[in-house]
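One structure is given here, and the rest of the page talks about it.
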Amino acid sequence: MSAVAVPVHDTAHGHDQAMDAGTFIRTYVFSLDHKIIGLQFLFSTLLWFLVGGLLALGIRWQLAWPWSDMPIIGRMLFSAEGGQISPEFYTTLFTMHATVMIFFVIIPILAGAFGNFLIPLMIGADDMAFPTLNMLSYWFMWPAFVCIGLSFLWPPYGAGGGWTSYPPLSAVPEAAPGSQWAQTMWLLGVTFVGVSSMMGSVNYMTTIIQMRAPGMTMFRLPMTIWAMFITAVLQAFALPVLTAAGFMQLMDRILGTGFFLPEGLIVNNSLPATGGGQPILWQHLFWFYSHPAVYIMILPAMGMVSDIIACFSRKPLFGYKPMVYSISGIAGLGFIVWGHHMFVSGMNPLLGMTFMVSTMMIALPSAVKVFNWLGTVWGGKIQFTTPMLFALSFVSMFIIGGLSGIFMAATPVDIFIHDTYFIVAHFHYVLFAGTAMAVMGAIYFWFPKMFGRMMDENLGKIHFFLTFIFLNGTFFTMHILGAVGFPRRLADPYDYETFRHLLPMNQFMTICAIAMVATQIIFAYNFIRSIFFGTPVGRNPWGANSLEWTAPSPPGHGNFDFQPIVYRGPYEYGSPEVDTDFYPQTQPPPSDPARRVQPEKH
Amino acid sequence: MNSSRVLMMMSLAGLAAVLPAGCRRPLADSVSYSRSNVAVLRTALGGDKAATEATAAVVADPTGWGTLKGVIKMTGTPPPRKTLNIDKEQNVCMPGGKPVLAEDVVVDASGGIKDVVIYLEKVPADNPKWEHPDYAADKAGSVEFDQKACLFLTHVFALRATQTLDVRNSDPVGHNLNIAGGPRTGNFTVAAGSSQPWLFGGEAAEPFPVSCGIHPWMSAYGLVRSNPYFAVTNDKGQFELKNLPAGVPLKLRVWQERAKFIKEVTATGKIDKFSKGRLELKLDNDEQRQLELSAASTLFGGT
Amino acid sequence: MHEELRVGRFWSILFLMVPVVGVGIFVWAMAGLWPMERHWLPENINDHGAVIDNLFLFILVLTGVIFIATGIALFWFLWKYDAAQNTQPAAFTHGSHTLEVVWSIIPAATLVFIAIYQMNAWADAKMRRPTLPDGRPKPETAEITGRQFEWRIRYPHTTVMEDVLDEHGKQVLDENGKPRRKIVRDASGRPAYIYGDDDVYVANDLHLPVNEEVVLKIKSQDVLHSFFLPNLRVKQDVVPGMKQFVWFRANKTGAYDIVCAELCGWGHYKMRGRVTFVSREDFDRWLTKTYDEQNRAEFKPVTGEAE
Amino acid sequence: MARWSLLLALPCLALLGLAPLAGCGSPAAAFVRYDTYARKVEKDTGDDKFRLRGSQLAEVDELLAALFGTPDEPLVPAVEGAEALNLTKLKLAAGPVGSAEDGSPRGLYREHCAHCHGITGDGNGPTATFLNPYPRDYRPGKFKFKSTPVGFKPTHDDLKKIVLEGIPGTAMPSFKLLPDLEVEALIQYVKYLSVRGETERGLLKLTTDLDLDADPNARLVSIAPANATAEQKQTQQDQLGAIKDEVAKVLQKWKDGDGAAVAIDPRGNMSEEDFIASRKRGRDLFYGTVANCIKCHGDSALGDGQLTDYDDWVGEFIGKGPDQQQLIKEFVAVGMPHPRNIRPRNLRQGIYRGGMRPIDIFWRIKNGIEGVPMPASTMKPAGEPNAKGLTPADIWDIVNYVQSLPFEAISNPLDAVPTVPEKAAVY
């Protein structure tokens, strides 16, 4: 592996001196090292991923065999109900599934885990701009973990207001079992997550702007970094709104204010203290954050996928700048489309029309990105490694998720499919089949850099294949349910004549879902085993260009054992300037001018 | 990398705190009993369809009549009488605005307890040998039960199943009578100055509460017996049971609102046994027995 | 990693399966073949609902084409440029300006077209409430109040009753030999939002006349609900403190589901209603019957259990 | 170095997988014991320390299991009057949710009712604690909205009406859209649970009435060994006879109830003028001392006249005495839902829990409402015009007035013309 290293004399921060440097706590618990913090995020989120998956199985079980006794654990958990999931616990299940997956898995694993681990490495910095802030951004997740964890423990066992937490249901404690103190816990938890992401995003922006290595211009940044940068911007501008809204709802619940509570409610025979509020206000505030949040949950994945695809196609990324522009475009438009979550919410239909247009427009940059990925694959020399397979499946699945989005953007169609399983299919294709698969790919791709060992490729491919099959079995059928109008969040939809005959399909989906979760055991085994017994690797196992691959694997404290100097963009694969099919950013251009290729006008 | 190991442990521990959440769901109060017993009982039950009469134990007939007189006293300091919370119609219900005291335990200076019920537990059904002829007179009489100043004038009434309760209302305001227990439950209004007859037509094993829904502080107790042998102590704590069957063992029950069946007493005068509100004795023909039963005030919430 | 590289063919075909199976499932469902009978848009009985179905199908075809095209392209590139097969050197290109422009303009145009194309349908569904001949908005036939967890239905002002007369002006008798009465809408002209003791109340069981423009007022007593009629392509969230109106014109008699499509608490799934479309006179008869039952003022006990 | 930590990590993961199982064991769906009532009968003995022995409680459970079976296999006890319960219908409602081979439903009760009313019908299912008012506890055998007088069971039709129409203003929804057979099955099961519960009360009472001084382990029914002598068998039969009487008594009450619906003499046709006159009369009665409505329903019928009372479902435990607060603590500790005061209905909301038909309101006024302070009216004895009391005509006047209340502006009470803006009447 030929990373041309310009050795620097200061090796005081050599790698793997962790144990003997400073106390254990300062090194591994409240560590200031961005890599450790990244791994802390990675491990926590993976474990929450497990929790979220189990919650999802609970939902699927109820939908496939409603009110029937869960094998093994049903009696143990729900004996009070004769082994069956009680309806209010079902509301808790889907609320917590969404909450855990969105706030504890996807957002922190993208921005927190990979953002932290990759940003300094990929821009050639020795750490984040504000290491302490970075450490805090992780430890502010823990109050959130605790809040949500606690809300599981005592009745009513978790918030039941849906992850969107629409008032009055969530603002009036009497309105629902799940909207008693568990809901307060939920709001606090989400607020803490917000604080954490806020700290992160400030840090990322500063780092990316300020700490790039010499020669690393903005347009030499890998797509991952661009995506992280845009994501940070989105978070910085959208999050305060959610946090504020969260506090307003807390006040409605605790102090008896009336931001979201209209006059004359009679909920469960108790009258809220005040009135004069407007439930739809919450929806506006919530979606003003949560729609950009959708892009916070997909952009970094897009960035990482771009890097992986370019690397394993052994050819430059197709349309680098259009990719950058489309990411920025998504970020910009992302702030003016939130209303498409509210077409039938009772807001002024005229607004619906405006939001419909902007929503249609935001499909455009996504389309451009897809085409560019196809362009990247075209004419390359594709290596079907596990990361590549996951990245390709991201593209293929994201096409489905993107296209199904157009149905919801079309307001009249949305009248019918709003809050049906069509939506559920849509965002699971974007978030699970899309982001989660990309994250898997990223883990396989950067694992060598994180632990200096490879993950097992064969296990990886089996893991990919089974996951790919079962996730489509689980989620594609949801489109069909949606077409029938099958609504979300019903504990027992089969009371309705219209949906009674959909039971077999739901059972099929549940079986696929169980298999999908079971498949992840392969991943867990491969992951844990490879940490300790994987084949050790050098600096650049994949033959990739970007800076992190010139650092040791794993990089020690301070990352680089030399001062990286950047000569070119990260995607110069198969360049005629060199004989290798990759061309690291730090490698000086050939001395012989004849070999140099003129940069194409573009 | 060492850190990874440590971190994994940490996060696993963190999750360990979260996963068992499910265990906190309430478990059914597990009812444990012997399945074999159930099987036996089930076959035994299936044995005969029609319900069989429990055969009453054969008892000797009384040889004559005797009278039991007595007083029931409280030893120790009686509990202070609580003031009733009279929150409406004070003009009628608090004459002169004076606070009204609860009547659940009323003790006079000498310690005599008011409103203790003492009655014969079991009497063979309509067996003339067990009922003194004198009682025939008021067999079908009526017992007055009046309310004044939002109080039931008789705090504990007792009557025979054949007698009618004459519910009166001497107040200018309306009341109602909520009979929550006993042989015949009911709940009816008693308009101001009106009266309502109420026939229970059955026997109650023990006193039952009656109350007024409009004035929740108004409460009283009633006892309905098919035999005439029952008494309620007066405000000196005295009672008299005339012409009890003599020559046979008698089982009387002693009940008071606060103490329910009075647990234990010290008796002067001859008794066979007293426990858990059951007074066992045997009278000779034409005996006039005088009893003094004294119970510790702790049984009544006193000190 | 050469042994991995050889399996490129297999993975290419796996990705080909995505558009093939995907489209297959949709076609299968549309055809309603075993095991997916009635796994498609439920029967539409609303005159205004067809346009929604057509839009759905239109977008489905459009996206389907893109789906297939991109899917095939991905498959073909993977198949052709698999490192194990492709002897050519990797094409060293950073992209093409023309291509970028082309594949930006075309989708943009399509999307704008879709957006504009459906605005009319949206306006019909949510903005153009039916009017009376004199131009005033049509008053609601019934007012529906969502509460945890049922739909409480109120038919305003069913007061004035008159006997049904035959062509000779003689009273028509019903099966009990009583003169059959029918409801004439309140003559006093009280607006429907004024509550009266002559309103008819029903729980969950909505009856409506067929082949008429029907306007419903829906509101909520406690939390958010959503009034969803799958067979009429009608859905409207019910927001406490706000009044919503929905309208449709059913063209088929029969009973159909009313679904609550917005999470409203633990009993969300219980919030099931039924709308029954009947002819005008059946509707009046039903309303009269319900009115009479609601005002029932005599009772003779029938003993014994109705087995 | 790496090895030990892996050895540590894998058991740790395994442990996590098992975490929900560990120490979370619990039995199958079972009837729960009537702890509150057991506590009551213990207190009624007058000995605060007295507790029934586990063996005695277990015996009650055994007898109940022998008589009524389990939640999964219900039984109809073989006693006279058993025909009040229909086993075939019961089986549709009992057991876990599902359907039998013939496709007929199973576990309807657990599908629709159990999560509020509880497996045992104790009104204490998992959802119950969040509801206001609490779901009904069937075991005392008292039902509020019925056509029969206080002290009688509701008729079949009364129960059916509640199941079909639901109870406005409470969490009890309408089950109108269920097939008739399923509704019948659910009604049967409610009766079954009620009979079982009332029997349990009876048995607990009998147990405390046993002479426990003589033999602290006394049993209601001696278990005759297989090789029992004739008289052993006889005593057992006799003892069982007493038990059967207990059940038969309860079943008899249900039979009587079905015949006890109170007839209502017709209101007759009234013109608009008659109505206005009748409402005026009704108003006078409403405020008068004979009907005495305002005492609880308040001077403006807002249901604010009497707010400190409790209904019988808790009242039987906590009484009305000065020690009420202490009793509340004691019984909440053994599983009584934390009591809420019983509120007289606010008659201006137009929400009538027992039904809005004139006859429903007539029944409420004439019969009173079982289990709550609402009393029956004093009816004027026939042929005594001067006696205090109400005539059916008077009650109709009150009904008419009450029905007009939601539409009457509080500011000008006698104006019965409907002019109330919609907020006043939500139902």
Side-chain angles (χ1 to χ4, degrees), chain B residues 5 8-9 12 15-16 19-20 22-23 27-34 37-38 40-42 44-47 49-55 82 87 102 104 173-174 176 178 180 184-194 196 209 211 213-214 216-217 219 259-263 275-277, chain D residues 5 8-9 12-13 16 19-20 23-24 26-27 29-33 43-47 58 61-63 65-67 77-80 150-151 213 221 223 236-238 240-242 244-245 248 289-290 292 295-296 306 308-309 312 315-316 319-322 368 373 375-378 388-389:
Chain B
R5 230 173 284 136
M8 179 167 57
M9 300 302 155
L12 285 175
L15 181 63
L19 252 193
C23 308
L27 304 179
D29 159 8
S30 50
V31 170
S32 59
Y33 51 75
S34 127
N37 285 1
V38 175
V40 173
L41 288 168
R42 205 168 274 176
L45 274 165
K49 287 271 171 289
T52 56
E53 269 310 315
T55 48
K82 302 220 175 60
D87 49 9
D104 53 340
V173 299
N176 68 49
N178 185 346
R184 180 181 167 201
T185 60
N187 181 4
F188 51 89
T189 55
V190 192
S194 77
Q196 291 280 319
S211 61
I214 303 171
W217 65 84
S219 85
K260 297 289 182 275
F261 290 108
I262 295 174
K263 197 173 158 195
S275 87
K276 296 251 176 69
Chain D
S5 52
L8 246 163
C12 189
L13 262 182
L16 283 175
C24 308
S26 82
F31 288 123
V32 298
R33 199 173 266 158
K43 289 179 79 69
D44 283 351
T45 60
D47 177 357
D61 299 330
E62 286 162 9
L63 282 165
L67 288 161
V79 307
E80 63 181 305
V150 171
D213 309 334
V221 177
I223 296 296
Q236 188 187 46
Q237 277 308 323
D238 296 346
L240 278 175
K244 289 182 172 178
D245 291 347
T289 55
V290 177
N292 216 15
K295 280 291 175 287
C296 294
Q306 171 51 268
T308 60
D309 213 346
D312 289 3
E316 71 170 332
K320 290 173 180 288
S377 330
T378 317
K388 293 225 176 209

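Here is the naming used below: chain letters follow the sequence lines, and residue numbers restart at 1 for every chain.
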Notebook entry, point to check: Considering residues at least two apart in sequence or located in another chain, which fulfil the side chain to side chain contact (heavy atoms under 4.5 Å, CB included) criterion with B:Ser211?
Noted result: B:Asn178, D:Lys320

Quick check against the 3.5 Å criterion: does [X] have a side-chain atom that pairs as donor or acceptor with the backbone of [Y]?
| X | Y | result |
| --- | --- | --- |
| B:Asn187 | D:Pro373 | yes |
| D:Lys388 | B:Ala192 | yes |
| B:Asn176 | B:Gly213 | yes |

Check: Does any non-hydrogen side-chain atom of D:Lys244 lie less than 4.5 Å from one of B:Leu45?
Finding: yes

Hey, which of [options] has the most heavy atom pairs under 4.5 Å with chain D?
| options | value |
| --- | --- |
| B:Trp217, B:Phe188, B:Phe261 | B:Phe261 |
| B:Ile214, B:Thr185, B:Val190 | B:Ile214 |
| B:Ala102, B:Ser275, B:Ser219, B:Ala180 | B:Ser275 |

Structural part of [X] lying under 4.5 Å from a heavy atom of chain D:
| X | result |
| --- | --- |
| B:Ala259 | backbone |
| B:Val38 | both |
| B:Ile262 | neither |

Item checked: Heavy-atom pair of closest approach, residues B:Gln196 and B:Thr189 -> CG-O, 4.2 Å

Item checked: Nearest atoms (heavy-atom pairs only) where D:Ala66 meets B:Leu41 -> CB-CB, 3.7 Å

Would you mind checking which part of [X] comes under 4.5 Å of any heavy atom in chain B, side chain (CB onward), backbone (N, CA, C, O), both or neither?
| X | answer |
| --- | --- |
| D:Thr378 | both |
| D:Gln236 | side chain |
| D:Val221 | side chain |

Note to self: Only pairs of heavy atoms separated by less than 4.5 Å count here; which of D:Ala376, D:Ala65, D:Gly389 has the most with chain B?
What the structure shows: D:Ala376

